[in-house]
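Take a look at the structure set out below.
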Amino acid sequence: VSICYKRKSMHTEIYSNKPHIQFPVRISDQLHEQFSKVSKSTHIPKSHIARLAIYSFLKDIELRGITAVLDEIESA
């Protein structure tokens, strides 16, 4: 039950009635290939995956702090 609530809550926070804002993002070829592969295998549009990833990353920073998040990414 909490997972459904969390998904609904996240959906509400990511998708509002306000217009979406676009901004360009440059990524490596390797990351683009991985991004495309995940999108194709899950049938989830890249824009949706990107919104979820950005949302998740920002929430993680808010909860754990930038130093903890970047340390974890750099050690992976």
### Query
In terms of hydrophobic clusters joined by side-chain contacts under 4.5 Å, are F23 and L58 together?
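In one cluster: yes.
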
### Task
Please round to the nearest 0.5 Å and tell me the distance separating atom NE2 of H20 and atom CZ of R51.
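It comes to 5.0 Å.
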
### Task
Among I54, D60, I61, find the one that has a side chain to side chain contact (heavy atoms under 4.5 Å, CB included) with F57.
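That would be I61; it is the only one of I54, D60, I61 passing the side chain to side chain contact (heavy atoms under 4.5 Å, CB included) with F57.
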
### Query
Would you find a donor on one side and an acceptor on the other, under 3.5 Å apart, between the side chain of S56 and the backbone of L52?
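The answer is no, because no donor-acceptor pair under 3.5 Å joins these two groups.
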
Residues 26-33, side-chain donor-acceptor partners within the protein, below 3.5 Å, at least two apart:
from : atom 1 : to  : atom 2 : distance (Å)
S28  : OG     : L31 : N      : 3.1

### Query
Closest approach of S39 and I44, non-hydrogen atoms and distance?
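Reported closest heavy-atom pair: OG-O, 2.7 Å.
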
